[in-house]
Engineer: 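Quick one: the structure is below, questions incoming.
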Amino acid sequence: MSQFVPVLIALGVALVLVAALYALSAVTATGRPVSEVAPFAGGLPPTHHAFSRFHVRWYPVTMVFLAFDMEMIFMYPWTLVVSRVGPSAVIEMFLFLGILLAGVVYAWREGALRWT
Amino acid sequence: MDDPVTVPPPTAALAWWWALLLPLVLIVVAWSAAAVDAAVEARAAGRPGGLTVPAHEVTRLLVGQRRRTLAADPVLWRAGAVVLPVAAVLAAVVIPLGTRPVADLGVGVVWFNAMEVLAWAAVWMAGWGPNSVLSLVGGYRFVAQGLAYELPHMFAIITAALGAQSLRVGDIIAAQQDLWFVVIMPVAFVVFLVSAAAMAFWGPFDAPVAGDLAGGAASELSGVDRLLFLGGRWLLLTAAAAMAVPLFLGGGAGPLLPAWAWVLVKTLLVLAVLVWARRRFPTIRMDRWSEISWMVLVPLTVAQALVVSIVVLAQGGL
Amino acid sequence: MDLRAWLRRYAARRPHVLIVATRNGAAVRLAVEAELARRDWPIATTPADTDVLLVAGIPGPELATMIEAVWETVPLPRAYATVDAPDAVERKLRRASADLAAGRPSTGPAPSAATSLPEPLEDGQGDKPQQPDEDPDEQHGEHGEHDQHGEHDQHGEHDQHGGRDEMEMPGGLPMADLGDDRDGLMLDQLPVALGPVLPDWPAGLVLEVALQGDVVQQARARLVDDPLGEPFWPPGTSAALDHGDSPGALRRAVAQELDAVARFLAVAGWSAPAARARRLRDRQLAGDPLEPICASIEALVRQVRRSRTLRRMLRGLPHVPVLFALRLDALEHAAAALHEPAAGTVTPAAAPSAMRPGRSPRHERTRVDLAEVERMLVGAELAAARLLVAAADPVTEGGIAGSAGDAHAMALGGNRAARDGTSGSGREREGGEHAMDPGSESGTGHGRGHGRG
């Protein structure tokens, strides 16, 4: 775990620097922060809150992505043992990837990767 | 950066106080890249100068007033701006500044990847926070962008790790002593550069903060918040460019110059390519790029990984 | 204190300028953009990133109200400048920078007659911090005005949709409500007014859209009520190009096309050639020698046409590829007409689309009107919508002057009016009709075959 000590130090330094920047700007900034500024969309004030249920038209892509993302969890440790396990490791992994890619091709054919 | 006279074992980390210097090193490199970028732009426009542009920009953002929009979500919004530079610094801890990194993690490659992905959250939060339509659309554009660039990116990184059969960045450099990985895995290298630009919403992949949304996810940020967000973007780009050096370009290997100088030179070269690409291409929108990314880049990187794994098997058999 | 003053002076050497172009301010806007490019001062894209708010031209009461609202949202330190003549640009910019450097409070826009603000605006106090607690008051002032004509309407509208308005929402604004989506889903529909202060946006255009996610479900375009001056651009359908009018008019015609192309490229996120087109435009208007400019224009058009990335990004977008090809053709024609004044109708070899006999540049140099833009926008994403508006480049200056006397354009307009008769909605149609050029790409087009002589 000691290898993570420098990481913690770097995190601390980064946070201290960010805090220092905020502190500096508190001194150097012209005027205190303003609040309740109207958001910008071209000059007219908003009539509705922008927070809304956003129409995520690329939702099917997220599903395909999640499948692959899970696969990555297997692939990281796999890299360490390829030559130790031998050809069977390569065959199994790329068969698995091949199946996933077939899924991608299916999703593509169904139009999941285009949303305009 | 003192170059050690005796070559240390490749797995050792730098002294702990380098962790204090790391953010500054990153800032200096990013600053120089930004200055050169502005100078190139000024030259293209037939103007002199440009080198002082980062200084002017930073100053005016420090002087600028901070603001909060109507019914904003300040926690997510500010967090978005802060996470970006912090994630860049944390990603950079595993990059060898010469022969040794600040933190020598056994899972360095995974760590780098995990820290980069924070940008995904950061930009979305910055886009969501201000309760502004243009900003919100920008944030969601980046989520869609992440879905497209992230997988090829991970395959590219994993291919380098596969070549060395280690997730430790030092081992990956050591495995390139005879041959840089860019030679045996050119596809992975190119994909890494493309996805690095996309991750830092840079260059042709700047749709999340594009001008057609009046700045998109960054459109409501002012003052120091804006400085953190846009500065963090530069740091992220720099960290990604620097990571290409140990993964594909042989780390600090090179004649004459010390290792740290080679790392610096190679990092700046990669940054130059990324900066050039921004001027070269129009913005690439994800409703087009997703298809290319999934149907071309993902299969290509998988094929690249297959080739490399066969090479690894062949080497193991010898 | 000293540090702050020093930093402020340093920052003021390169302020970001947000340009609000009025419908009568094209000449001023061009002068401002040229001067900013010369000084290397960036053009701000949003009030949050603005140091100098610059109004180019004379705003009408409606735009003046919007300018006040924008000014409210510009963070300190800030300066305000109005420029109503091109020759005042340099002086005003120098003064704005000096004001910023000295930390002099900027008065901001004077409250216009149209707004009945209960209290005078008191911002721009320079060094004096804008009090966080005094700000909500200001906002209330603004919202008071709002209440009178905005909120009640919305509530009414809201009730029809299903009345969630009982809840007290923060900021006094309602949430977006459900509405039918183009894909047949029930989703939140967010009414948004885009413009008129967006970057690379036609002067004075307000686009009221209903957004679901980033898809435009409804669009209504209108123009703000600026007093109209003499139009700066030569009217799109004038006979200037054919009858060898003054080289000044021809130069302006080329500059107009360069401006449109630059704007489109900027919206497409390709800043380098956009900046190049703007530089060429400025040199053109400054009266630089023609030869090198025309050569550069040709090179620019070639570069843009050759870009596979751009083509890929535009392909399949509704109307955009056709309209943009038209813009490029128009630029080429205008440059050719300028280059060889005696041969206005001689087409350059690089424009195969212009090979048809009887086509003359005047047909190419025409623009899409607002009702048409409005119709084309429905179903487009925000990015595509921005590209569409930029490619259509509707004429927003000079009232109706654009259309008179072009039979061809009239015929086209008539055709379309018959088809979309309902969408006219009684606003002034700009008249400057477009001639669809089949050009190099045909896009999806939605069966829009007109213009193919």
Engineer: When you measure from the side chain of Thr28(A) to the backbone of Leu62(B), do you find a donor-acceptor pair of N or O atoms at a distance under 3.5 Å?
Structural biologist: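 Yes; at least one donor-acceptor contact below 3.5 Å.
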Engineer: Do Gln165(B) and Ser83(A) pass the side-chain hydrogen bond (donor to acceptor under 3.5 Å, both in side chains) test, and can you show the C-alpha distance, the side-chain angles, and the key distance before you say yes or no?
Structural biologist: CA-CA 8 Å; Gln165(B) 291 202 62; Ser83(A) 65; 2.9 Å; yes
Engineer: Heavy-atom distances under 4.5 Å only: say whether Ala214(B) touches chain A with side chain, backbone, both or neither.
Structural biologist: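 It is the side chain, since no backbone atom gets that close.
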Engineer: Say you draw a straight line from CG of Leu297(B) to CD of Gln304(B); how long is it, rounded to the nearest 0.5 Å?
Structural biologist: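 Going from the CG atom of Leu297(B) to the CD atom of Gln304(B) covers 12.0 Å.
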Engineer: Apply salt bridge (charged side-chain N to carboxylate O under 4.0 Å, His left out) to residues Arg78(B) and Asp225(B) and explain how you reach the verdict.
Structural biologist: CA-CA 7 Å; Arg78(B) 302 304 184 219; Asp225(B) 302 305; 3.1 Å; yes
Engineer: Can any side-chain N or O of Ser222(B) pair as donor or acceptor with the backbone N or O of Gln65(B) at less than 3.5 Å?
Structural biologist: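 Yes; judged by distance alone, with no hydrogens or angles, the pair exists.
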Engineer: Where does Val56(A) contact chain B at under 4.5 Å (heavy atoms): side chain, backbone, both or neither?
Structural biologist: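 Only the side chain of Val56(A) comes within 4.5 Å of chain B.
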Engineer: Inspect the contact between Glu57(B) and Arg60(B) and indicate whether a charged nitrogen and a carboxylate oxygen are less than 4.0 angstrom apart.
Structural biologist: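 Result for this pair is yes, salt bridge flagged.
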Engineer: Could you look at Glu291(B) and say if it's the side chain, the backbone, both or neither that has a heavy atom under 4.5 Å from chain A?
Structural biologist: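 Its backbone and side chain both get close to chain A.
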Engineer: So for Leu21(A), is it side chain, backbone, both, or neither that comes closer than 4.5 Å to the heavy atoms of chain B?
Structural biologist: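 Both parts, heavy atoms under 4.5 Å.
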Engineer: With a 4.5 Å cut-off on heavy-atom pairs, point out which of Val110(B), Val107(B), Leu21(B) contacts chain A the most.
Structural biologist: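 Winner by heavy-atom pair count: Val110(B).
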Engineer: Under a 4.5 Å heavy-atom cutoff, which of Ala50(A), Gly86(A), Ala107(A), Ala26(A) has the most pairs with chain B?
Structural biologist: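 Among the listed options, the one with the most contacts to chain B is Ala50(A).
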Engineer: Of the listed residues (Leu147(B), Asn113(B), Val133(B)), which shares the most heavy-atom pairs with chain A below a 4.5 Å separation?
Structural biologist: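 Of the candidates given, the most pairs with chain A belong to Leu147(B).
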Engineer: Taking atom CZ of Arg285(B) as the centre, does the number of heavy atoms from other residues, nucleotides or ligands within less than 6.0 Å exceed 12?
Structural biologist: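 Above 12, so yes.
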Engineer: Given a strict heavy-atom distance threshold of 4.5 Å, which part of Leu17(A) is in contact with chain B: side chain, backbone, both, or neither?
Structural biologist: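 Leu17(A) touches chain B through side-chain heavy atoms alone.
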Engineer: Among Val143(B), Val298(B), Ile158(B), who wins on heavy-atom pairs under 4.5 Å with chain A?
Structural biologist: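 Highest number of pairs under 4.5 Å: Ile158(B).
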Engineer: Less than 4.5 Å apart, side chain to side chain, heavy atoms only: is that true for Tyr106(A) and Arg109(A)?
Structural biologist: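 Yes, side chains in contact.
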Engineer: What part of Val93(B) gets closer than 4.5 Å to chain A, counting heavy atoms only: side chain, backbone, both or neither?
Structural biologist: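 For Val93(B), the side chain is the part near chain A, not the backbone.
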Engineer: Are the charged groups of Arg141(B) and Asp287(B) less than 4.0 angstrom apart, N to O?
Structural biologist: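 Asp287(B) and Arg141(B): not salt-bridged.
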Engineer: Relative to chain B, which of Val16(A), Leu66(A), Val64(A), Leu8(A) shows the most heavy atom pairs under 4.5 Å?
Structural biologist: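 Top count of heavy-atom pairs under 4.5 Å with chain B: Val64(A).
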Engineer: Side chain from CB out, backbone as N, CA, C, O: work out which of these in Leu228(B) comes under 4.5 Å of a heavy atom of chain A, or both, or neither.
Structural biologist: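 Contact with chain A involves the side chain of Leu228(B) alone.
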Engineer: In terms of heavy-atom pairs under 4.5 Å, which option from Ile310(B), Leu162(B), Leu26(B) contacts chain A the most?
Structural biologist: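 Sorted descending by pairs with chain A, the first entry is Leu162(B).
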Engineer: Relative to chain A, which segment of Leu227(B) carries a heavy atom at a distance below 4.5 Å: side chain, backbone, both, or neither?
Structural biologist: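 Answer is side chain: those atoms of Leu227(B) sit under 4.5 Å from chain A.
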Engineer: Give the C-alpha distance, both sets of side-chain angles, the deciding distance and a yes or no for side-chain hydrogen bond (donor to acceptor under 3.5 Å, both in side chains) between Glu220(B) and Asn131(B).
Structural biologist: CA-CA 9 Å; Glu220(B) 298 293 346; Asn131(B) 191 15; over 6 Å; no
Engineer: Identify which part of Ala148(B) has an atom lying under 4.5 Å from any heavy atom of chain A, answering side chain, backbone, both or neither.
Structural biologist: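 Contact with chain A involves no heavy atom of Ala148(B) at all.
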Engineer: Checking heavy atoms, do the side chain of Phe94(A), its backbone, both or neither come under 4.5 Å from chain B?
Structural biologist: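 It is the side chain, since no backbone atom gets that close.
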Engineer: Nearest heavy-atom pair of Pro39(A) and Thr69(B): which atoms, and what distance?
Structural biologist: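 Smallest interatomic distance, heavy atoms only, reads CA-CG2, 4.2 Å.
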Engineer: Phe68(A) vs Phe155(B) aromatic rings, parallel, tilted or perpendicular, using cut-offs 30° and 60°?
Structural biologist: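 Ring orientation of Phe68(A) relative to Phe155(B): perpendicular.
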Engineer: Is it the case that atom CZ in Phe96(A) sees more than 12 heavy atoms from other parts of the structure closer than 6.0 Å?
Structural biologist: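 Counting other residues, nucleotides and ligands, CZ of Phe96(A) exceeds 12 neighbours.
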Engineer: Tell me which of these, Leu22(B), Ile27(B), Val82(B), has more heavy-atom pairs under 4.5 Å with chain A than the rest.
Structural biologist: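 The candidate making the most pairs under 4.5 Å is Val82(B).
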Engineer: Quick one: which of Leu151(B), Leu134(B), Leu20(B) has the most heavy-atom pairs under 4.5 Å with chain A, could you say?
Structural biologist: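 Maximum pair count with chain A is reached by Leu151(B).
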Engineer: By a 4.5 Å heavy-atom criterion (distance strictly below it), what part of Val90(A) contacts chain B: side chain, backbone, both, or neither?
Structural biologist: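 Interface part for Val90(A): side chain.
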Engineer: If you count heavy-atom pairs under 4.5 Å between each of Val81(A), Val82(A), Leu15(A), Val104(A) and chain B, which one has the most?
Structural biologist: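 When all of Val81(A), Val82(A), Leu15(A), Val104(A) are compared, Val82(A) has the most.
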Engineer: Under 4.5 Å heavy-atom distance to chain A, tell me which part of Val89(B) shows up: side chain, backbone, both or neither.
Structural biologist: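 Just its side chain gets close to chain A.
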Engineer: For Asp73(B), is it the side chain, the backbone, both, or neither that has a heavy atom closer than 4.5 Å to a heavy atom of chain A?
Structural biologist: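 Both the backbone and the side chain of Asp73(B) come within 4.5 Å of chain A.
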Engineer: Parallel, tilted or perpendicular: which describes the rings of Tyr149(B) and Phe142(B), with under 30° parallel and over 60° perpendicular?
Structural biologist: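 Plane angle between 30° and 60°, so tilted.
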Engineer: For Arg288(B), is it the side chain, the backbone, both or neither that has a heavy atom under 4.5 Å from a heavy atom of chain A?
Structural biologist: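 The side chain, not the backbone.
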Engineer: What orientation do Trp124(B) and Trp128(B) show, parallel under 30°, tilted 30 to 60°, or perpendicular over 60°?
Structural biologist: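 The rings of Trp124(B) and Trp128(B) lie parallel, inter-plane angle below 30°.
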Engineer: Given that the side chain runs from C-beta out, which part of Val137(B) has a heavy atom under 4.5 Å from chain A: side chain, backbone, both or neither?
Structural biologist: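 For Val137(B), backbone and side chain are both near chain A.
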Engineer: Is chain A contacted by the side chain of Leu90(B), its backbone, both, or neither, given a heavy-atom distance below 4.5 Å?
Structural biologist: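 Contact with chain A involves the side chain of Leu90(B) alone.
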Engineer: When you compare the side chain of Trp16(B) with that of Val102(B), does any pair of heavy atoms fall below 4.5 Å?
Structural biologist: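 In short, these two side chains do not touch, never coming nearer than 4.5 Å.
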Engineer: Between Leu97(A) and chain B, with a heavy-atom cut-off of 4.5 Å, which part of the residue counts as in contact: side chain, backbone, both or neither?
Structural biologist: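 The side chain, not the backbone.
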Engineer: Please rank Trp108(A), Phe40(A), Phe54(A) by heavy-atom pairs under 4.5 Å with chain B and give me the top one.
Structural biologist: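 Of the candidates given, the most pairs with chain B belong to Phe54(A).
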